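Shown next, in structure tokens, is the structure this report addresses.
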Number of protein chains: 2
Amino acid sequence: MATKSFLGEFEQMVLLAVMAGGNDASGVDISQELERSADRKVSKGSLYTTLDRLKKKGLLNWRIEPGDIARSGLPRRHFTVTERGVKALRESRSALLNLWRNAEDVLGEAGG
Amino acid sequence: MATKSFLGEFEQMVLLAVMAGGNDASGVDISQELERSADRKVSKGSLYTTLDRLKKKGLLNWRIEPGDIARSGLPRRHFTVTERGVKALRESRSALLNLWRNAEDVLGEAGG
DNA sequence: TAAAACAGGTCGACAAAGTAGATCCGTACG
DNA sequence: CGTACGGATCTACTTTGTCGACCTGTTTTA
């Protein structure tokens with residue numbers, strides 16, 4: 001368990017946002033999900049940079065969807081969290097859940 | 001809501017660890033809690049650096065406890081999460097909870 | 001009592017993550 | 001054409017994350 005690599009806060013959120021719509025999101029989907037669920041506005045730069053890093057770490061992948069639909073013409077990327085990504089997410093969640101549990105007195109119940 | 005500042009992953013965990021034992025932890029308490037609940041081993045350097053930064057941001061405070069106890073007459077710091085710290089933690093938790101909820105299909109239930 | 005062995009902490013430095021603005025490219029529209 | 005626009009990339013800078021080495025008083029102990 002030595003060199004476990006932890007997810008940064010934003011990385012974690014991005015990964016989660018990718019999965020939110022069925023683990024096949026476009027850049028726009030992601031930023032909308034982030035804005036909705038985390039009340040967090042991100043710039044394109046921030047988002048794509050993070051997406052790239054996540055891929056470099058093998059936690060995420062994408063395929064190019066040749067565009068001939070809707071707005072027709074432009075290809076766009078569809079992102080998918082990999083197995084490793086899901087695993088990292090689980091670990092991260094479990095750690096946080098533990099910690100929150102122990103601080104519950106002050107933080108208040110998780111449910112609310 | 002403009003310049004909301006988000007907690008980094010580690011900062012968050014440290015804050016949580018401080019509260020775990022009643023919001024009055026020593027450096028050692030914190031690193032033990034981190035190790036126990038998050039299965040995460042941290043060096044003194046990492047820990048104290050983060051603690052300092054957290055204080056600089058007003059999310060944490062400490063007082064020096066003059067040492068007069070048994071084997072260690074050394075003074076040590078006792079850390080406490082501030083109101084703002086608790087607030088930041090709550091926000092962070094709520095965002096993550098939302099995101100997790102939407103990704104539940106793949107991550108599995110939160111309860112476990 | 002000098003010198004290890006310790007506990008608790010501080011420093012300096014560097015890697016990784018977070019963030020945004022300018023820019024680019026192909027398409028739609030007037 | 002020229003402008004607006006969605007989608008994405010690049011460049012560059014700030015914050016966080018992480019450590020190892022060093023420092024300072026305390027006990028132990030030969």
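We name chains A, B, ... by the order of the sequence lines, and we start the count at 1 in each one. None of these values were measured; they are calculated from a predicted model.
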Would you mind reading off the distance between [X] atom [atom1] and [N] atom [atom2], rounded to a whole angstrom?
{"X": "A/His78", "N": "D/dG6", "atom1": "NE2", "atom2": "P", "answer": "17 Å"}
{"X": "B/Phe6", "N": "D/dT15", "atom1": "CZ", "atom2": "P", "answer": "16 Å"}
{"X": "A/Phe79", "N": "D/dG7", "atom1": "CZ", "atom2": "P", "answer": "12 Å"}
{"X": "B/Asp52", "N": "C/dC11", "atom1": "CG", "atom2": "P", "answer": "8 Å"}
{"X": "B/Arg53", "N": "D/dT14", "atom1": "CZ", "atom2": "P", "answer": "15 Å"}
{"X": "B/Glu9", "N": "D/dT16", "atom1": "CD", "atom2": "P", "answer": "14 Å"}
{"X": "A/Arg63", "N": "D/dG7", "atom1": "CZ", "atom2": "P", "answer": "16 Å"}
{"X": "B/Lys55", "N": "D/dT15", "atom1": "NZ", "atom2": "C1'", "answer": "20 Å"}

Counting only side-chain nitrogens and oxygens, does [X] get under 4.0 Å of the OP1 or OP2 atom of [N]?
{"X": "B/Tyr48", "N": "C/dT10", "value": "no"}
{"X": "B/Arg77", "N": "C/dT10", "value": "yes"}
{"X": "B/Arg76", "N": "C/dG8", "value": "yes"}

task: Report the residues that fulfil ring-ring contact (aromatic ring centres under 6.0 Å, His included) with A/Phe10, sequence neighbours left out, ordered by chain and then residue number.
output: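 For A/Phe10, no residue satisfies ring-ring contact (aromatic ring centres under 6.0 Å, His included) once neighbours in sequence are set aside.
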
Sort me out a list of protein N/O and nucleotides 19-23 of chain D N/O pairs below 3.5 Å, or just none if empty.
| residue | atom | partner | partner atom | Å |
| --- | --- | --- | --- | --- |
| D/dC19 | OP2 | B/Ser46 | OG | 3.1 |
| D/dC19 | N4 | B/Gly45 | O | 3.2 |
| D/dC19 | N4 | B/Thr49 | OG1 | 3.0 |

Throw together a table of side-chain donor-acceptor distances under 3.5 angstrom for residues 49-56 of chain B, partners on residues two or more places apart or in other chains.
| residue | atom | partner | partner atom | Å |
| --- | --- | --- | --- | --- |
| B/Thr49 | OG1 | B/Gly45 | O | 2.6 |
| B/Thr50 | OG1 | B/Ser46 | O | 3.0 |
| B/Lys55 | NZ | B/Asn61 | OD1 | 3.3 |

- request: Would you please name every residue forming a side chain to side chain contact (heavy atoms under 4.5 Å, CB included) with A/Asn23, sequence neighbours left out?
  value: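 Side chain to side chain contact (heavy atoms under 4.5 Å, CB included) list for A/Asn23, sorted by chain: A/Val18, A/Met19, A/Thr80, A/Val81.
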
- prompt: What ring-ring contact (aromatic ring centres under 6.0 Å, His included) pairs are there with at least one residue in residues 82-106 of chain A, not counting sequence neighbours?
  reply: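 Counting only pairs at least two positions apart or across chains, the ring-ring contact (aromatic ring centres under 6.0 Å, His included) contacts touching residues 82-106 of chain A are A/Trp100-B/Trp100.
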
query: Taking only residues at least two apart or on different chains, which pairs with a member in residues 39-63 of chain B satisfy ring-ring contact (aromatic ring centres under 6.0 Å, His included)?
result: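 Residue pairs with at least one partner in residues 39-63 of chain B: B/Trp62-B/Phe79.
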
task: Check whether any side-chain N or O of B/Ser26 sits under 3.5 Å from a backbone N or O of B/His78 as a donor-acceptor pair, and report yes or no.
output: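 No, the answer is negative, given that no donor and acceptor are paired below the 3.5 Å cut-off.
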
A/Asn102 side chain vs B/Ala20 backbone, donor-acceptor pair below 3.5 Å: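 The answer is no, because no donor-acceptor pair under 3.5 Å joins these two groups.
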
query: Between residues 10-29 of chain A and DNA chain C, which residues have a heavy-atom gap below 4.0 Å?
result: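 Residues of residues 10-29 of chain A under 4.0 Å from DNA chain C: A/Phe10, A/Glu11.
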
field: Qualifying residues under salt bridge (Lys or Arg N to Asp or Glu O under 4.0 Å), relative to A/Lys44, sequence neighbours excluded
entry: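 Scan of A/Lys44 (salt bridge (Lys or Arg N to Asp or Glu O under 4.0 Å), adjacent residues dropped) gives none.
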
Pairs flagged by salt bridge (charged side-chain N to carboxylate O under 4.0 Å, His left out) wherever residues 11-36 of chain B is involved - sequence neighbours left out: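 Those involving residues 11-36 of chain B are B/Glu11-B/Lys57, B/Asp24-B/Arg63, B/Glu33-B/Arg36.
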
